[in-house]
2 protein chains.
Amino acid sequence: MTVTLSDVAARARVSPATVSRVLNGNYPVAASTRERVLRAVDELDYVLNGPASSLAAATSDLVGILVNDIADPFFGIMAGAAQTEIGGQEGTGRAGGEKLAVVCNTNGSPDRELTYLTLLQRQRAAAVVLTGGALEDPAHIAAMSSKLAKLADAGTRVVLCGRPPLPGSESIVAALAFDNRGGGRRLTEHLLSLGHRRIGYVAGPTERTTTRHRLEGHRAALAAAGITEDQDRLTVHGPYARQSGYDATLELLRRDPALTAIVAANDTVALGACAALRDQGLRIPEDISVAGFDDLPFSVDAVPALTTVRLPLYEAGARAGRLAMGREAAPPGGIATIGAELMARESTGRPKS
Amino acid sequence: MTVTLSDVAARARVSPATVSRVLNGNYPVAASTRERVLRAVDELDYVLNGPASSLAAATSDLVGILVNDIADPFFGIMAGAAQTEIGGQEGTGRAGGEKLAVVCNTNGSPDRELTYLTLLQRQRAAAVVLTGGALEDPAHIAAMSSKLAKLADAGTRVVLCGRPPLPGSESIVAALAFDNRGGGRRLTEHLLSLGHRRIGYVAGPTERTTTRHRLEGHRAALAAAGITEDQDRLTVHGPYARQSGYDATLELLRRDPALTAIVAANDTVALGACAALRDQGLRIPEDISVAGFDDLPFSVDAVPALTTVRLPLYEAGARAGRLAMGREAAPPGGIATIGAELMARESTGRPKS
DNA sequence: CTGTTAGCGCTTTCAT
DNA sequence: ATGAAAGCGCTAACAG
């Protein structure tokens with residue numbers, strides 16, 4: 001029933017090998033022959049059998065992009081950029097040589113992360129891009145390292161985007177890490193320079209690299225200003241979600257009603273924090289300042305516009321895509337740190353004297 | 001170098017056929033044998049060769065989910081729900097029988113939509129879920145219909161989510177369509193009941209079903225209230241993006257400075273509209289009302305909270321996932337319309353007398 | 001530049 | 001309940 005390569009070959013009066021060659025375009029073929037083959041392909045409406053060719057060639061054109069939360073633009077922007085860079089090349093309707101860039105949503109679950117990796121390994125994926133912060137649980141780190149090593153051994157190119165390199169895993173192509181620590185530090189320095197001294201911190205989930213680095217930057221800035229006591233009491237952890245920002249803010253206010261500023265783990269959490277403060281009748285920034293992280297598109301439209309730290313998500317995703325395709329040289333040592341820029345806007349101001 | 005099925009068979013002292021049977025769990029195998037095989041699999045750290053098994057079995061465990069814009073939570077929420085429903089089943093680390101649910105970002109490009117479909121067809125995908133509004137260009141509709149018919153013929157289950165059924169394509173499993181027309185109508189009725197008569201409309205891109213249906217609902221409500229003139233002048237089209245909302249709002253104000261309300265194609269566009277109005281020194285809703293569509297998570301946190309139309313994105317995505325897996329019966333006629341609920345909040349109010 | 005010939009690793013009748 | 005054997009449709013040497 002279904003058309004195969006030899007059907008095309010028969011119709012074009014050539015051998016199957018020749019058809020394969022024109023389809024893969026990786027071998028010299030006479031123009032007239034190629035012409036004839038292409039015509040036969042169109043006439044027969046032939047579609048290559050992916051599994052068969054992957055089996056024979058021992059590689060596939062699948063590229064996986066793993067994200068922690070596909071409903072979060074933080075990941076959507078990176079994944080979209082990577083996908084455009086990987087799959088958005090030409091425009092031939094016939095789809096030749098195209099990579100199939102796909103995104104897989106782990107939902108922040110370490111198990112699903114591993115499962116997806118196995119599934120991609122099973123498909124003999126050409127490359128894998130891991131985005132976003134990693135879990136710091138030792139057992140999971142070990143499992144990931146070994147899994148990534150196996151993928152690399154099997155010829156899959158592994159790229160990390162927005163995630164620090166794993167210890168021991170030297171098999172990866174490259175790691176693009178965001179300067180979360182530096183960004184966090186500059187953000188809190190901004191608050192300190194405005195005169196704030198009692199700052200609440202709504203942190204992300206524990207055991208995540210992103211969470212830890214941002215918090216470390218925050219604490220470093222405080223320590224440099226001689227503020228060290230009570231910091232654990234002024235920190236509340238929670239998921240990277242709006243509701244978490246709302247609840248944590250209420251809790252922080254309960255712990256210290258004299259807070260003059262709240263720093264959130266990311267912009268989404270900051271929005272929840274703002275909502276909680278408004279519900280408490282507090283004005284931003286007159287009564288209390290708020291800051292986020294990431295500079296997602298909606299942050300500039302928040303009221304008041306959110307002070308935050310900009311991460312070049314699109315650029316990072318695109319670069320990760322090129323690295324995955326081997327279309328760009330890996331940075332020295334395989335590791336690049338991507339800068340984070342402070343965006344001071346209206347949600348932060350001087351504390352009430 | 002790489003471990004194959006027969007390596008496992010040898011180690012477990014059974015035939016390759018038996019190993020295949022325990023791995024696929026679709027055939028009776030003695031408990032003790034299965035035990036032995038599984039142990040060998042673990043000891044050898046064996047990973048099934050996907051292409052090989054897909055070739056032999058003529059089906060793969062790949063399920064594709066197509067979205068127009070992966071950075072937009074509208075799609076992220078639906079895709080995430082579908083993916084969870086499809087791939088998030090068990091938790092066995094060994095990954096048996098698991099489907100690989102992946103999302104593909106078309107970027108709103110009809111060409112890429114078709115290309116992705118071809119790529120999935122090539123992989124012999126088990127199912128395909130198409131989300132979001134469709135392009136209404138006749139040539140593209142024809143190409144899509146024929147492509148989907150071919151996919152269905154090849155055994156791929158096709159499900160539409162948030163998109164009306166294509167004419168002629170009866171091969172699909174099911175279509176879940178949002179009641180964009182009804183939602184649009186109720187939203188404008190709400191504005192009319194508040195007393196608005198001069199309403200600007202920032203529409204989505206032309207030739208998209210979503211755009212057309214929402215606009216039709218809007219116009220229907222106006223017509224029912226006897227307001228018919230000038231409507232084309234009070235409508236501006238643009239992409240589903242924040243910037244488009246900003247620019248279109250300025251343009252509408254230019255065309256009719258006496259506007260008392262602006263309805264946006266979706267929440268993201270509405271946010272852009274709000275920004276433009278604020279920049280013009282207009283207060284919302286005292287000077288002018290604004291409404292969106294979709295009720296994305298950030299809409300309730302906007303200031304003022306956005307009046308909009310809620311679409312049950314998560315539920316729809318999850319249902320599409322179940323339909324794609326054949327785990328839920330298709331609705332009668334293969335088509336289900338999903339309700340849209342008006343969420344009246346603070347961004348709309350009575351017009352200035 | 002093109003044809004021939006072996007497999008790639010798995011699933012699946014068909015036997016037993 | 002298990003084994004033997006025949007492909008699935010394609011690519012990749014190797015010849016020519």
Side-chain angles (χ1 to χ4, degrees), chain A residues 1-38 40-41 44-62 95-97 119 121-124 126 154-155, chain B residues 1-38 40-41 44-62 95-97 119 121-124 126 154-155:
Chain A
M1 181 52 242
T2 131
V3 184
T4 73
L5 230 204
S6 11
D7 295 334
V8 176
R11 183 157 237 266
R13 316 188 135 281
V14 295
S15 73
T18 300
V19 177
S20 170
R21 293 195 263 251
V22 345
L23 256 25
N24 290 299
N26 53 5
Y27 220 82
V29 173
S32 65
T33 311
R34 122 177 281 100
E35 180 75 7
R36 206 143 29 91
V37 170
L38 255 18
V41 165
L44 261 34
D45 215 6
Y46 171 69
V47 175
L48 193 67
N49 184 317
S53 71
S54 294
L55 172 58
T59 62
S60 85
D61 50 7
L62 230 205
L119 254 13
Q121 179 183 8
R122 192 186 272 190
Q123 302 295 331
R124 305 306 189 244
Chain B
M1 179 58 237
T2 129
V3 185
T4 74
L5 229 206
S6 8
D7 295 334
V8 175
R11 185 159 237 270
R13 316 189 133 280
V14 295
S15 73
T18 300
V19 177
S20 170
R21 293 197 261 252
V22 347
L23 255 26
N24 290 300
N26 54 5
Y27 216 82
V29 172
S32 65
T33 310
R34 122 177 282 99
E35 181 74 8
R36 212 147 21 96
V37 170
L38 256 19
V41 166
L44 263 33
D45 214 6
Y46 171 67
V47 175
L48 194 66
N49 183 316
S53 72
S54 295
L55 172 58
T59 64
S60 85
D61 51 7
L62 229 207
L119 253 14
Q121 179 184 9
R122 188 186 277 191
Q123 301 296 331
R124 306 304 189 245

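Naming: A, B, ... by sequence-line order, numbering from 1 per chain. Everything quoted here is computed from the prediction, not taken from an experiment.
At dG9(C), none of the side-chain N or O atoms of Ser6(B) fall inside 4.0 Å of OP1 or OP2 (strictly under the cut-off).
The side chain of Asn49(B) lies closest to dG9(C), out of dG9(C), dT2(D), dG9(D). Distance from the side chain of Ser15(A) is smallest to dG3(C) among dG3(D), dC1(C), dG3(C).
Using a 4.5 Å cut-off on side-chain heavy atoms (C-beta onward), Thr4(A) and Asn49(A) make no contact. Counting heavy atoms from C-beta outward, Thr33(A) and Val14(A) have side chains that approach closer than 4.5 Å.
Distance CG (Leu55(B)) to C1' (dG7(C)): 12 Å, rounded to an integer number of Å. Between Arg36(A) atom CZ and dC1(C) atom P there is a gap of 14 Å when expressed in whole angstrom units. Atoms CZ (Arg34(A)) and P (dT2(C)) sit 10 Å apart, rounded to a whole Å.
Side-chain contact, Asp61(A) with Gln123(B): a donor N or O sits under 3.5 Å from an acceptor N or O.
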What pairs of donor and acceptor atoms, side-chain ones from residues 19-26 of chain A against any protein atom, are under 3.5 angstrom apart with sequence neighbours left out?
residue	atom	partner	partner atom	Å
Ser20(A)	OG	Asn24(A)	ND2	3.3
Asn24(A)	ND2	Ser20(A)	O	2.9

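Summarising the geometry of Val29(B) relative to Arg34(B), their closest heavy-atom pair is CG1-N, 4.0 Å, with the distance given to 0.1 Å. Counting all heavy atoms, side chain and backbone alike, Val41(A) lies closest to Val8(A) at CG2-CG1, 3.8 Å.
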Per-nucleotide protein contact string for nucleotides 11-16 of chain C (B base, S sugar-phosphate only, - none; heavy atom under 4.0 Å): BBB---

